[in-house]
**Q** 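One structure, pasted below without further comment.
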Protein chains: 2
Amino acid sequence: MRKSRRERLEREGWVVGSVKEFLGLSEADAVLIEMKLSLSRSLRERRRRYGLSQIELARRLHSSQSRVAKMETGDPSVSMDLLVSSLLLLGATSSDLAKSIRGEGRNKNGRAA
Amino acid sequence: MRKSRRERLEREGWVVGSVKEFLGLSEADAVLIEMKLSLSRSLRERRRRYGLSQIELARRLHSSQSRVAKMETGDPSVSMDLLVSSLLLLGATSSDLAKSIRGEGRNKNGRAA
DNA sequence: ATGGGATATGTCGGATCTGACATAAGCTCA
DNA sequence: TGAGCTTATGTCAGATCCGACATATCCCAT
């Protein structure tokens with residue numbers, strides 16, 4: 001019983017069913033990149049809202065101005081972990097991050113989440 | 001004028017105002033770890049929903065069984081990028097990820113987002 | 001019990017990310 | 001103009017993460 005569904009699915013091979021359930025490799029990265037860009041925008045927005053320069057923020061993060069710049073410009077060398085932990089340090093809540101990740105980055109005031 | 005707020009904030013020094021606007025370093029990682037654990041649970045849930053073994057999933061991800069195990073057990077060597085891109089490949093949407101990150105991981109059916 | 005599939009844990013070389021530094025480019029104000 | 005502040009870009013050594021492999025543990029069916 002527990003196995004019936006499983007075996008059925010396995011027989012189907014690579015892609016399960018006709019509805020595409022799995023994203024292709026490239027499509028998945030595209031979405032990931034979008035998410036990171038959205039987080040980048042949120043970071044810049046949040047930093048500016050607090051009137052901090054990149055250097056000042058870098059100090060709080062125990063990082064450097066150049067890395068902050070890379071975070072905000074969406075440099076590919078920046079991980080999601082770094083973006084998220086930086087946002088958290090700037091006081092973003094899980095809900096704020098969720099909004100940003102969801103792509104509802106900009107609200108009616110033109111602010112990033 | 002654009003500067004007045006900024007200068008006022010800067011004068012305050014490390015923490016702006018009496019309301020805590022910035023998270024401490026350790027508090028921020030705690031939240032980050034929580035988020036990653038939530039993503040881990042989502043991954044396991046999603047894999048099982050498709051009736052895949054870790055080996056089968058690893059193949060789709062071009063990864064290995066041991067890394068999948070580490071992802072699902074919340075091993076500290078696993079990045080958020082890896083968790084998120086794996087979930088995306090398994091067909092999770094941005095909204096699914098947002099829910100998981102927000103900590104609303106489990107719904108009324110006991111399912112992870 | 002035991003054999004086999006599934007999952008967990010430890011380790012390692014290579015890949016990627018990080019902070020730091022240097023330097024360039026943009027802005028604003030005197 | 002140019003001094004001073006801010007942000008962007010390139011580079012690099014060290015830190016961290018990744019896939020892979022080996023091995024251990026767990027869980028069922030037999």
Side-chain angles (χ1 to χ4, degrees), chain A residues 1-7 9-11 25 28-29 32-33 35-37 39-90, chain B residues 1-7 9-11 25 28-29 32-33 35-37 39-90:
Chain A
M1 15 186 59
R2 179 161 141 5
K3 268 199 167 178
S4 63
R5 171 177 168 77
R6 196 217 147 148
E7 282 166 350
L9 290 168
E10 281 181 332
R11 256 186 284 109
L25 230 24
D29 311 335
L32 180 62
I33 288 174
M35 285 177 33
K36 292 217 229 169
L37 284 176
L39 292 169
S40 292
R41 287 190 291 269
S42 298
L43 182 66
R44 169 157 286 174
E45 182 102 21
R46 199 165 267 274
R47 174 178 63 81
R48 288 188 171 156
R49 214 182 297 161
Y50 286 115
L52 298 171
S53 67
Q54 291 182 348
I55 289 194
E56 291 164 331
L57 176 54
R59 231 163 247 139
R60 288 176 201 276
L61 299 176
H62 303 301
S63 180
S64 62
Q65 179 270 325
S66 59
R67 191 126 298 269
V68 172
K70 286 176 219 284
M71 287 192 232
E72 293 187 353
T73 54
D75 188 286
S77 82
V78 173
S79 73
M80 192 160 170
D81 296 69
L82 187 63
L83 285 166
V84 168
S85 59
S86 299
L87 279 161
L88 289 173
L89 228 66
L90 267 177
Chain B
M1 16 209 56
R2 165 137 158 26
K3 266 198 166 178
S4 64
R5 170 178 167 78
R6 190 212 154 157
E7 281 165 352
L9 289 169
E10 281 181 332
R11 255 187 284 108
L25 230 24
D29 339 311
L32 181 63
I33 289 174
M35 284 178 32
K36 291 216 231 171
L37 285 175
L39 292 170
S40 292
R41 288 189 291 269
S42 298
L43 183 65
R44 170 158 285 174
E45 182 100 22
R46 199 164 266 274
R47 174 178 63 80
R48 288 189 171 154
R49 214 182 297 161
Y50 286 115
L52 298 171
S53 67
Q54 292 182 345
I55 290 192
E56 291 163 331
L57 176 55
R59 229 163 250 141
R60 288 178 201 276
L61 299 177
H62 303 300
S63 179
S64 62
Q65 179 270 325
S66 59
R67 191 126 297 267
V68 172
K70 285 177 221 285
M71 289 192 230
E72 294 187 354
T73 55
D75 187 286
S77 82
V78 173
S79 71
M80 193 159 168
D81 297 68
L82 187 63
L83 285 166
V84 167
S85 59
S86 299
L87 278 161
L88 288 174
L89 232 68
L90 266 177

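All values reported here derive from a predicted model rather than from experimental measurement. When reading the values below, keep in mind they use all heavy atoms of this one structure, side chains included, and skip hydrogens, waters and symmetry mates. Proteins get letters first, then strands, A, B, ... in listed order; numbering begins at 1 in each.
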**Q** Quick one: A/Asp75 CG to C/dA20 P, roughly how many Å, whole number?
**A** 17 Å

**Q** Are the side chains of A/Ser77 and A/Arg67 in contact, using a 4.5 Å heavy-atom criterion?
**A**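 Yes - at least one pair of side-chain heavy atoms lies under 4.5 Å apart.
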
**Q** Can you name the salt bridge (Lys or Arg N to Asp or Glu O under 4.0 Å) partners of A/Arg47, sequence neighbours left out?
**A** A/Glu72

**Q** Grab the CZ-P distance between A/Arg59 and C/dA20 for me, whole Å please.
**A**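 Distance check: A/Arg59 CZ to C/dA20 P gives 11 Å.
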
**Q** Between B/Leu52 (CG) and C/dG5 (C1'), how many Å, whole number?
**A** 15 Å

**Q** Does a side-chain N or O of A/Arg44 approach OP1 or OP2 of D/dT6 to a distance below 4.0 Å, or not?
**A** no

**Q** Any side-chain heavy atom of B/Glu45 sitting closer than 4.5 Å to one from B/Arg41?
**A**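 In short, these two side chains do not touch, never coming nearer than 4.5 Å.
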
**Q** List the steps, then state whether side-chain contact (heavy atoms from CB on, under 4.5 Å) holds for B/Ser42 with B/Leu87.
**A** CA-CA 8 Å; B/Ser42 298; B/Leu87 278 161; 4.1 Å; yes

**Q** Do A/Lys36 and A/Val78 touch side chain to side chain, with heavy atoms closer than 4.5 Å?
**A**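 Contact flag for A/Lys36/A/Val78 side chains = no.
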
**Q** Under the criterion side chain to side chain contact (heavy atoms under 4.5 Å, CB included), which of B/Met71, B/Arg44, B/Arg59 is the partner of B/Gln54?
**A** B/Arg44

**Q** For a quick check, with a 4.0 angstrom heavy-atom cut-off, what is the B/S/- contact string for nucleotides 10-28 of chain D, read 5' to 3'?
**A** BB-----SBBBB-------

**Q** Taking the side chain as every heavy atom from C-beta outward, state whether A/Leu89 and A/Leu57 have any atom pair closer than 4.5 Å.
**A**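 Counting from C-beta outward, A/Leu89 and A/Leu57 never come under 4.5 Å.
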
**Q** Rounding to a whole Å, what distance do you find between B/Ile55:CD1 and C/dT7:C1'?
**A** 9 Å

**Q** Please give the stem ranges for DNA chain C, sorted by first residue number, where a stem is three or more consecutive Watson-Crick or G-U pairs and both donor-acceptor distances are under 3.5 Å.
**A** C:1-30 with D:1-30

**Q** Do the non-hydrogen side-chain atoms of B/Arg60 and B/Leu52 ever get within less than 4.5 Å of each other?
**A** yes

